[in-house]
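Contents: one structure, followed by commentary.
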Amino acid sequence: MTDQPRPGGPGNLGATPVARMGYGAMQLFESPTVDDAATVLRRAVELGVNHIDTASFYGPGEVNRRIRAALAPYPEDLVIVSKVGARYTGEQPIPLAAAQRPADLRAAVEDDLRQLGLDCVPVVNLRRMDLGPGVAAEGDQIVDVDDQLTEMIALRDEGKIGAIGVSAVPVEVLRRALPAGIACVQNAYSLLDRSQEETLQLCAAEGIAWVPYFPLGSSFPGFPKVADHPAVAEVAGDLGVTGAQVGLAWLLAHAPNTLLIPGTRSVAHLQENVAAGDVTLSAAALERLDAIGTTAPQPHGVEPFQR
Ligand SMILES: NC(=O)c1ccc[n+]([C@@H]2O[C@H](COP(=O)([O-])OP(=O)(O)OC[C@H]3O[C@@H](n4cnc5c(N)ncnc54)[C@H](OP(=O)(O)O)[C@@H]3O)[C@@H](O)[C@H]2O)c1
């Protein structure tokens, strides 16, 4: 890690130091041009972001290729995190299907290596389908986590991946995965959806990074936005910041092992999100926000999503 100040302060992703404020690249395949995507990615790195989340099934491959086009040769301290367990179908409303078998996981890592132009993907999340939202695994796509971890460990032993994370897992699956050496957990979690609090606490106790997806409420339609909650808007008004910044600052304040990967295609939103790393919430504001609890209604309009 260089001496550059890191947005959100310093955090750890496995054994690797990263800024606590990272960037989620999922939406970049929707950016109108490769240049638009590159502008956002390069600005993120300029601002000190060194943790970028991606997957070979975003696009498919297009997000990885855009990351490579924008950032290679990669800054030495950049940690690219990918995920395996799904494949791109192009169908609507969710263009993904399960790809959970060990051979699927290996093929996805090979896709990442080729698309990103890397010899080793620093961290790869095993994206299970135990929890929603998202597609469910059926038939021969229902695979025991131990069989999947055996393949992930083999990929790590071969040097194709640097560290293993897990995603969309309940607390008991995380407990089973712990002996593999887990660097991070990605589950859906935000100020409005705290259903994964027990898993967060297990991560804190085990020194595992908690990297919530949907930190602002998601880029998918049908999910409530954190910034729209009246208590969030009120705290934001009092502080002269935006609701999105309050939502991100609350996540950082709530648990020290939290690393953030908010997604955006907009440089203005990126800058706003990075600046949320400097927002301090008073004890009174935190109390007010803590009291929101899980208020997120069931998502609607996204039928194939399970929850
Ligand atoms: N492990 C998994 O299964 C999984 C699943 C989903 C996502 N992810 C990862 O998690 C990342 C974050 O998830 P996400 O992007 O779906 O959800 P999110 O970060 O909660 O929300 C992104 C949405 O918020 C908007 N936004 C961002 N910054 C904003 C701001 N400052 N003010 C107002 N609106 C703002 C974005 O629109 P604009 O483009 O207009 O800014 C976008 O629609 C993804 O990029 C992906 O890398 C992982």
Side-chain angles (χ1 to χ4, degrees), residues 21-32 36-37 39-41 43-44 49 51-59 63-64 66-67 80-86 94-96 98-100 108 123-137 165-169 184-193 196 199 209-228 232-233 236 241-251 258-277 279 296 299 302 305-307:
M21 189 64 73
Y23 173 70
M26 178 175 71
Q27 287 168 265
L28 286 185
F29 76 93
E30 293 167 347
S31 295
D36 292 326
T39 303
V40 173
L41 287 161
R43 184 71 184 128
V49 167
H51 167 198
I52 295 180
D53 184 76
T54 184
S56 61
F57 50 82
Y58 294 161
V63 169
N64 278 350
R66 289 181 177 203
I67 289 172
I80 296 179
V81 178
S82 191
K83 58 189 77 70
V84 295
I94 304 178
L96 299 177
Q100 294 276 306
V123 183
V124 176
N125 283 297
L126 166 60
R127 206 306 186 178
R128 295 270 301 173
M129 297 186 164
D130 305 321
L131 297 176
V135 289
V166 288
S167 176
V169 289
C184 56
V185 173
Q186 277 194 14
N187 282 0
Y189 180 87
S190 73
L191 189 43
L192 302 188
D193 177 3
Q196 294 302 305
T199 310
W210 176 250
V211 191
Y213 68 85
F214 297 173
L216 295 171
S218 162
S219 54
F220 292 106
F223 292 82
K225 302 289 173 213
V226 171
D228 292 343
V232 174
V241 300
T242 68
Q245 288 178 313
V246 168
L248 297 174
W250 178 85
L251 285 164
T258 296
L259 306 176
L260 296 181
I261 49 164
T264 181
R265 284 168 296 170
S266 143
V267 170
H269 283 168
L270 168 76
Q271 292 174 163
E272 190 181 312
N273 297 345
V274 165
V279 172
V302 282
F305 275 63
Q306 53 165 14
R307 204 162 168 88

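Order of appearance sets the numbers: ligands from 1, and atoms from 1 within every ligand.
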(request) Would you mind running through ligand 1 and noting each atom that sits below 4.0 Å from a heavy atom of Thr264? (result) 27 (C), 38 (P), 39 (O), 41 (O)
(request) Quick one: look at Tyr23 and ligand 1, take heavy-atom pairs under 4.0 Å, and tell me if it's side chain, backbone, both or neither. (result) neither
(message) Side chain, backbone, both or neither: which applies to Asn273 and ligand 1 if a contact is any heavy-atom pair less than 4.0 Å apart?
(response) side chain
(message) Need the ligand 1 atom indices (1-based, order shown) with element for anything under 4.0 Å from a heavy-atom of Asp53.
(response) 9 (C), 46 (C), 47 (O)
(message) Taking 4.0 Å as the limit for heavy-atom contacts, which would you say applies to Gln245 with ligand 1: side chain only, backbone only, both, or neither?
(response) neither
(request) Return a yes/no value for Lys83: is any of its N or O atoms, backbone included, closer than 3.5 angstrom to an N or O of ligand 1? (result) no
(message) I'd like to check which ligand 1 atoms, numbered from 1 as shown, lie under 4.0 Å from a non-hydrogen atom of Ala244.
(response) 30 (C), 31 (N), 32 (N)
(request) Would you please classify the geometry between the Trp250 ring and the Tyr189 ring as parallel, tilted or perpendicular, with 30° and 60° separating the classes? (result) parallel
(message) Closer than 4.0 Å to some heavy atom of Ala25 - which atoms of ligand 1 meet that?
(response) 45 (O), 47 (O)
(request) Check each atom of ligand 1 against the heavy atoms of Pro262 and keep those under 4.0 Å away; list them by number with element. (result) 19 (O)
(message) As a check for students: among Ser219, Gly263, Pro221, Gly243, identify the option with a heavy atom nearest to atom 36 (C) of ligand 1.
(response) Gly263
(request) Just let me know how Met26 lines up against ligand 1, side chain, backbone, both or neither, with a heavy-atom cut-off below 4.0 Å. (result) both
(request) Please indicate whether any nitrogen or oxygen in Gly217 is less than 3.5 Å from any nitrogen or oxygen in ligand 1. (result) yes
(request) May I ask you to decide if Ala86's main-chain N or O and Arg127's side chain share a donor-acceptor pair within less than 3.5 Å? (result) no
(message) So, 4.0 Å and heavy atoms of Asn125: is ligand 1 close enough to count as a contact?
(response) no
(request) Go through the steps to decide whether Gln186 and Ile261 satisfy the test side-chain contact (heavy atoms from CB on, under 4.5 Å), and finish with yes or no. (result) CA-CA 10 Å; Gln186 277 194 14; Ile261 49 164; 3.7 Å; yes
(message) Geometry only, no angles: is Thr54 polar-contacting ligand 1 at N/O separations under 3.5 Å?
(response) no
(request) Using a strict cut-off of 4.0 Å, indicate which atoms of ligand 1 neighbour a heavy atom of Gln186. (result) 1 (N), 2 (C), 48 (C)
(request) Check Val124, Asp53, Leu126 against Lys83 for a side-chain contact (heavy atoms from CB on, under 4.5 Å) and give me the one that passes. (result) Asp53
(request) Output yes when a side-chain donor or acceptor of Asn187 lies under 3.5 Å from a complementary backbone atom of Val169, and no otherwise. (result) yes
(message) Yes or no: does Ala168 have any heavy atom under 4.0 Å from an atom of ligand 1?
(response) no
(message) I'd like to check which ligand 1 atoms, numbered from 1 as shown, lie under 4.0 Å from a non-hydrogen atom of Gln27.
(response) 15 (O), 22 (C), 36 (C), 37 (O), 39 (O), 42 (C), 43 (O)
(request) Mark up the atoms of ligand 1 that fall under 4.0 Å of a heavy atom belonging to Ser167, in ascending order. (result) 1 (N), 2 (C), 3 (O)
